[in-house]
Amino acid sequence: MPELPEAETIARGLDAAVAGGRVARVRIHRAEVVEPLSAAVFRRAFTGRRIARIGRRGKWIVGLLDDSQRWVTQLRMTGRFTWRAAGPRQPLRAEPHLSVSLLIEPDGGEPGVLRFYDTRRFGRMRLLAPAVYAELDARLGVEPLSDAFTPARFARMLEGGRAPIRNWLLDQGRVAGVGNIYAVEACHIARLDPRRAAGDLDRNDVRRLHRAVRRVLSDAIARRGTTFSDYRDLLGGSGDFQNALRVYGREGEACPRGDGTIERAVLAGRSAFYCPACQR
DNA sequence: CAACGGTCCTGTAGGC
DNA sequence: TGCCTACAGGACCGTT
């Protein structure tokens, strides 16, 4: 579920909580989360490292370590972090869906425990050498909130695209961080039918979609993301953007623009919501 | 080679 | 109430 705004919210929280801190202990509760590394190798490489800062690239959470490795986490659908004061040692009890726990000694602060939970177990955590991180970075497309994402560049990218615009936006190699919710919402804001072929958009369509993508992502960051069920920030708080959604998940409801009833279409196996009256 | 379908998992909502 | 199916924020991988 987590898309760019959720990853940004989590990354900011992590940076505030643990930047400057030292990784004092690493526990891998589910080995698949660190594949293709073994749990032992991951633990050895991570333990003792200092975390310089934590940010985001697309939907990936990226921490820079003092040995210039990158600690990267893909939340995929249900990955979630929690941060709590370490406190006295608790008896071990079953922690459903717990994948990784890290004891962090912050720079000057009280030690805390960072836990990574993942119900559906699609999430992944890796340690990448600089050259390997560079490959990941190169594979991802432009950051939609950066100055590099201009209407002109967007127009060039869209040229000749045959995929429906909603599908086109989900490709992380083009615009990094847009997922299904925000792709669908951006199409509504821009008054574009999500099934339109990417290459068919005219200059005005492109300009509106460019603004819509940036606007929906920054509004969602300001509201700390969208929570349906799983997504939470570091302290367990919900996002607020679900209350601002115009069409996503609202099949059968009235279009917020007034005319029309929201419909659902399945594109490439995934739901797209749109208003047939105002999206063309 | 862009685009799409299948697949990896578990939980939940809704129909009957 | 309970059983069964469909679907969920992602993205790799193989095929067309």
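Residue numbering restarts at 1 for every chain, and letters A, B, ... go by the order of the sequence lines. Please read all numbers here as calculations on a predicted model, not as lab measurements.
Among the nucleotides C/dG10, B/dT10, C/dC12, the one closest to the side chain of A/Asn180 is C/dG10. Distances from the side chain of A/Ser271 to the nucleotides C/dC7, C/dA11, B/dT10 place C/dC7 closest. Of the candidates B/dC4, B/dT10, C/dG10, C/dG10 carries the atom nearest the A/Arg76 side chain, counting heavy atoms from C-beta on.
Taking atom CD1 of A/Ile181 as the reference point, atom C1' of C/dC7 lies 14 Å away to the nearest angstrom. Rounded to an integer number of Å, the gap from CD1 of A/Ile165 to P of B/dA2 is 16 Å. Between A/Arg121 atom CZ and C/dA8 atom C1' the separation is 18 Å, expressed in whole Å. Taking atom CZ of A/Arg270 as the reference point, atom C1' of C/dC7 lies 11 Å away to the nearest angstrom. Rounding to whole angstrom units, CG of residue A/Asp230 and C1' of B/dG11 are separated by 8 Å. Per the geometry, CZ belonging to A/Arg166 stands 12 Å off C1' belonging to C/dG10, to the nearest Å. Rounded to whole angstrom, the span from the CD atom of A/Glu159 across to the P atom of B/dA2 amounts to 14 Å. As rounded to whole Å, 16 Å separates atom P of C/dA11 from atom CH2 of A/Trp168.
Residue A/Gly161 is in sugar-phosphate contact alone, with no base atom involved, counting any heavy-atom pair closer than 4.0 Å across all strands shown. No engagement by A/Asp171 is indicated, since no non-hydrogen atom pair under 4.0 Å with the nucleic acid exists. Residue contacts for A/Arg174: at a heavy-atom cut-off of 4.0 Å it reaches the sugar-phosphate backbone alone, with no base atom in range. Among the heavy atoms of the strands, none lies under 4.0 Å from A/Pro96. Nucleic acid contact for A/Tyr248: sugar-phosphate only, since backbone atoms but no base atoms lie under 4.0 Å from a heavy atom of the residue. Nucleic acid contact for A/Arg30: none, since no nucleic acid atom lies under 4.0 Å from a heavy atom of the residue.
A stem is defined here as three or more consecutive Watson-Crick or G-U pairs, each with both distances under 3.5 Å; for DNA chain C these stems are B:2-8 with C:10-16, B:10-16 with C:2-8.
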Show me the donor-acceptor pairs within less than 3.5 Å that the side chains of residues 13-22 of chain A make with the rest of the protein, sequence neighbours left out.
unit_1, atom_1, unit_2, atom_2, d
A/Asp15, OD1, A/Ile54, N, 2.8
A/Arg22, NH1, A/Glu105, OE1, 3.1

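In this structure, A/Pro151 and A/Arg203 have side chains that are not in contact, with every pair of non-hydrogen atoms separated by 4.5 Å or more. Residues A/Arg211 and A/Ile189 fail the side-chain proximity criterion, which asks for heavy atoms closer than 4.5 Å. Using a 4.5 Å heavy-atom cutoff, the side chains of A/Arg76 and A/Lys59 are not in contact.
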Exercise for review: Go through the steps for A/Val41 and A/Leu127 under the test side chain to side chain contact (heavy atoms under 4.5 Å, CB included), then give the verdict.
Suggested key: CA-CA 10 Å; A/Val41 167; A/Leu127 293 173; over 6 Å; no
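Of all non-hydrogen atoms in A/Asp171 and A/Gly173, the two that sit nearest each other are OD1-N, 2.8 Å.
At least one side-chain nitrogen or oxygen of A/Arg139 sits closer than 4.0 Å to the OP1 or OP2 atom of C/dC12. Remark: A/His97 is not in phosphate contact with B/dC9, judged by side-chain N or O atoms under 4.0 Å from OP1 or OP2.
The aromatic ring of A/Phe122 sits over the base of B/dC8, with ring centres less than 5.5 Å apart and planes inclined by under 30°.
Annotation: ring pair (Phe, Tyr, Trp, His ring centres under 6.0 Å) contacts involving residues 20-65 of chain A, sequence neighbours excluded, comprise A/Phe42-A/Phe46, A/Phe46-A/Trp71.
Of the listed residues (A/Val184, A/Ile181, A/Asn180), just one forms a side-chain contact (heavy atoms from CB on, under 4.5 Å) with A/Phe273, and that residue is A/Val184.
Separation of the P atoms belonging to C/dC7 and B/dG5 is 14 Å when rounded to the nearest angstrom.
The base of C/dA8 sits with one of its N or O atoms less than 3.5 Å from a complementary donor or acceptor on the side chain of A/Arg120.
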